[in-house]
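Below: one structure, written as structure tokens.
A note on names: the letters A, B, ... follow the listed sequences, proteins ahead of strands, and every chain is numbered from 1. No hydrogens, no waters, no symmetry mates; every other heavy atom, side chains included, goes into these values.
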Amino acid sequence: MNTYEEIYAIVRRIPLGRVTNYGTVAALAGYPRHARMAGYALHALSDQEASEVPWWRVVNAGGFISNAYQPQLQRELLETEGVVFDSEGRIDRKRFWWDGA
DNA sequence: CAACTGACTGCCG
DNA sequence: CCGGCAGCCAGTT
């Protein structure tokens, strides 16, 4: 199994309505401190794969959407699942964060 | 083959 | 609170 698939496998485990950050995804996939790679893997998703992997449930450590792909779409998808953003566009970690449980 | 770049992060001043 | 900086690693130039 290659590195990307390891990453995707973890992202697929994120429960609906929950989010996590790149570092956590990488760590759960077996690559601690490789947050950047997790981000790179998601960036490399093809449209086909994007429909199978909930990439929008992954945000940065601060709880913000920082990707440059389609931040508007990502926020929309999350809100559809019930995730709430505050006035600064940040997600409440206490309510929506997922740590691999 | 060296240098750059990027959906990241934590530490430091 | 905020910008700078060094690790990380794969894909591009």
May I ask you to establish whether A/R36 and A/Y22 are in a cation-pi arrangement, using a distance under 6.0 Å from NZ or CZ to the six-membered ring centre and at most 45° from the ring axis?
no
Where the side chain of A/N21 is concerned, which of B/dA7, C/dC9, B/dT9 is the nearest nucleotide?
B/dT9
C1' atoms of B/dA7 and C/dC2, separation to the nearest Å:
22 Å
Length of the CZ-P vector between A/F64 and C/dC1, whole Å
10 Å
Could you check how far CE of A/M37 sits from P of C/dG7, rounded to whole Å?
20 Å
Kindly point out which of B/dA7, B/dT9, C/dC8 is positioned nearest to the side chain of A/R36?
C/dC8
Base-pairing assignment for B/dA7 (Watson-Crick or G-U wobble, both under 3.5 Å):
none
What is the distance from CD1 of A/I7 to C1' of C/dC8, rounded to the nearest Å?
12 Å
In whole angstroms, how far is the P atom of C/dA10 from the CG atom of A/L45?
17 Å
Between A/V58 and A/N21, which heavy-atom pair has the shortest distance, and what is it?
CG1-C, 4.0 Å
Measure the distance from OH on A/Y22 to C1' on C/dG7 and round it to the nearest whole Å.
19 Å
May I ask you to decide if A/A101's main-chain N or O and A/D99's side chain share a donor-acceptor pair within less than 3.5 Å?
no
Are A/F64 and A/V19 connected in a single hydrophobic cluster, I mean Ile/Leu/Val/Met/Phe/Trp/Tyr linked by side-chain heavy atoms less than 4.5 Å apart?
no
Closest to the side chain of A/Y40, out of B/dG10, C/dC9, C/dG11, is C/dG11
Taking atom P in both C/dC8 and B/dC1, compute the distance separating them and give it to the nearest angstrom.
22 Å
Rounding to a whole Å, what distance do you find between A/Y4:OH and B/dG6:C1'?
11 Å
Hydrophobic clustering (ILVMFWY, side-chain heavy atoms < 4.5 Å, transitive) - are A/L77 and A/L45 grouped together?
yes
Distance, rounded to the nearest Å, where A/N60 contributes CG and B/dG10 contributes P
10 Å
Between B/dA7 atom P and A/L78 atom CG, what is the distance in whole Å?
18 Å
A/S66 side-chain N/O to B/dC8 phosphate OP1/OP2 under 4.0 Å
yes
Nucleotide nearest A/H43 (side chain, heavy atoms from C-beta), chosen from C/dC8, B/dT9, B/dA7:
B/dA7
